[in-house]
Enquirer: 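I am attaching a structure below and will ask some questions about it afterwards.
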Amino acid sequence: MGPTDGGAGGSRGGPTSGARRDSPHLTAERIHAAALRLVDVDGIDALSMRKLAATMGVNPMSLYHHVPNKAALLRGICGLAVAELDIPVRPDADWRGQLRQIAHSYRSLAHRHGNLITYLIANPGFIQRDGALWTALCETLARAGIPAEEVVRIGNVLLTFVSGFLLAEVNGTLGDLLRSGPASGEGEHPDDGAADAAEFDRGFEAGLELVIAGLEAHGASAAIPAKTSRSGTAPRRRGGRTARPNHLGR
């Protein structure tokens, strides 16, 4: 991309030179934050370096001093969004409550950044094995007493199911399914966002309880704590091999 935007600045009564001045405080963090706000409003398809620069009031070329390309920009806003996850793992907490907290934190993130989550779930690289979401999930499963050799497998399955629910919720598929099914009472389904949201909440909670019941049936128990490393790796048990956390689907 060549030099840009030489003569448009004077149209609003600004300096006659026409060139927009770059902010002396422009940083990668500010760029990522502005890009995330843009994606939240207009979606991933609307994100471009030129449009981002316009929203920040800077020369597009100045962004490249901090973010080399759009792929790096997407990685940055992904990291910024995921950093919002509130999933501390407390050694004395019941694993059931901990699992609920992880799921609700993930869902809250999806609601805050629906456009970004829709993109991320559909693209590889969102779930990092050293990231907060995967680490907390593996530690919780291990503390619940899930055998070390099964932590990764079960973690992958749980994230896949929860991600599928969230994707269907934020992209409208779940609402379409709700309104196309048989009515729960008299008359037609109400086209009511509040009613939909309440039904989504009930569905999410029902799914969580099914997951917890399934883990309990699988042998999970709050009475069998297990220490894990910060990377989410479960300890060696009964001579078995240590399970290494992995990227979702890899």
Side-chain angles (χ1 to χ4, degrees), residues 81-82 84-90 92-122 126-127 131-147 150-226 232 245 248-249:
V82 173
E84 297 177 12
L85 287 168
D86 180 23
I87 44 177
V89 178
R90 300 186 302 276
D92 58 340
D94 176 73
W95 68 265
R96 299 168 186 83
Q98 198 74 66
L99 196 62
R100 292 185 185 100
Q101 182 181 5
I102 293 171
H104 281 291
S105 183
Y106 186 15
R107 189 179 182 221
S108 294
L109 179 70
H111 285 186
R112 288 194 302 273
H113 306 296
N115 291 331
L116 180 64
I117 288 294
T118 299
Y119 168 82
L120 292 176
I121 291 177
F126 173 41
I127 306 298
L133 180 61
W134 181 253
T135 298
L137 179 59
C138 285
E139 290 181 353
T140 299
L141 292 175
R143 285 181 53 248
I146 297 299
E150 296 186 31
V151 166
V152 170
R153 180 186 306 112
I154 291 176
N156 281 335
V157 170
L158 292 184
L159 276 179
T160 300
F161 276 108
V162 175
S163 295
F165 182 97
L166 297 180
L167 181 59
E169 183 179 10
V170 300
N171 72 9
T173 300
L174 198 57
D176 291 343
L177 290 172
L178 177 65
R179 285 183 288 274
S180 66
S184 57
E186 295 182 1
E188 299 296 328
H189 287 287
D191 188 6
D192 185 336
D196 284 357
E199 183 59 32
F200 297 162
D201 289 345
R202 287 191 289 269
F204 190 75
E205 294 299 335
L208 269 180
E209 296 313 308
L210 286 172
V211 165
I212 290 171
L215 288 173
E216 289 175 331
H218 195 72
S221 169
I224 309 176
L248 176 61

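Counting from 1, the numbers follow the sequence of the chain as shown.
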Enquirer: So, Ser105 side chain and Asp86 main chain: donor-acceptor pair closer than 3.5 Å or not?
Expert: yes

Enquirer: Would you name the heavy atoms of Leu137 and Leu159 that are closest together and state the gap between them?
Expert: CD2-CG, 3.6 Å

Enquirer: For Phe204 and Phe165, take the angle between the two ring planes, folded into 0 to 90°, and tell me which bin it lands in: parallel under 30, tilted 30 to 60, perpendicular over 60.
Expert: tilted

Enquirer: Kindly compute the distance separating CG (Leu208) from CZ (Phe161), expressed to the nearest 0.5 Å.
Expert: 13.5 Å

Enquirer: Just verifying a value: how many Å separate Cys138 SG and Leu158 CG, rounded to the nearest 0.5 Å?
Expert: 10.0 Å

Enquirer: Would you call Glu169 and His111 a side-chain contact if the rule is heavy atoms closer than 4.5 Å?
Expert: yes

Enquirer: Work out which heavy atom in Ser163 is nearest to a heavy atom in Ile121; give both atom names and the distance.
Expert: O-CD1, 3.6 Å

Enquirer: Applying side chain to side chain contact (heavy atoms under 4.5 Å, CB included), run through Phe200 and Leu166 and close with a yes or a no.
Expert: CA-CA 10 Å; Phe200 297 162; Leu166 297 180; over 6 Å; no

Enquirer: Does some side-chain heavy atom of Leu120 sit less than 4.5 Å from a side-chain heavy atom of His113?
Expert: no

Enquirer: Is there a side-chain contact between Arg202 and Glu199, using heavy atoms and a 4.5 Å cut-off?
Expert: yes

Enquirer: Could you grab the distance from atom CG of Leu85 to atom CD of Gln101, nearest 0.5 Å is fine?
Expert: 10.5 Å

Enquirer: Can you check whether Arg100 reaches Glu209 side chain to side chain, under 4.5 Å on heavy atoms?
Expert: yes

Enquirer: Search all heavy atoms of Thr140 against all heavy atoms of Trp95 and return the closest pair with its distance.
Expert: CG2-O, 3.6 Å

Enquirer: Answer whether the closest heavy-atom distance between the side chains of Leu167 and Ile117 falls below 4.5 Å.
Expert: no

Enquirer: Using a 4.5 Å cut-off on heavy atoms from C-beta on, say whether the side chain of His104 contacts that of Glu205.
Expert: yes

Enquirer: Distance from Leu210 atom CG to Leu215 atom CG, nearest 0.5 Å?
Expert: 11.0 Å

Enquirer: State whether the side chain of Arg112 and the backbone N or O of Ala81 hold a donor-acceptor pair below 3.5 Å, judged by distance alone.
Expert: no

Enquirer: Would you say that Leu141 contacts Arg153 through its side chain, given a criterion of any heavy-atom pair below 4.5 Å between the two side chains?
Expert: no

Enquirer: Is any side-chain heavy atom of Tyr106 closer than 4.5 Å to one of Ile87?
Expert: no

Enquirer: For Glu139 and Gln98, what are the C-alpha separation, side-chain angles and deciding distance, and is it a side chain to side chain contact (heavy atoms under 4.5 Å, CB included)?
Expert: CA-CA 10 Å; Glu139 290 181 353; Gln98 198 74 66; over 6 Å; no

Enquirer: How long is the span from the OG1 atom in Thr173 to the CG atom in Leu178, to the nearest 0.5 Å?
Expert: 12.5 Å

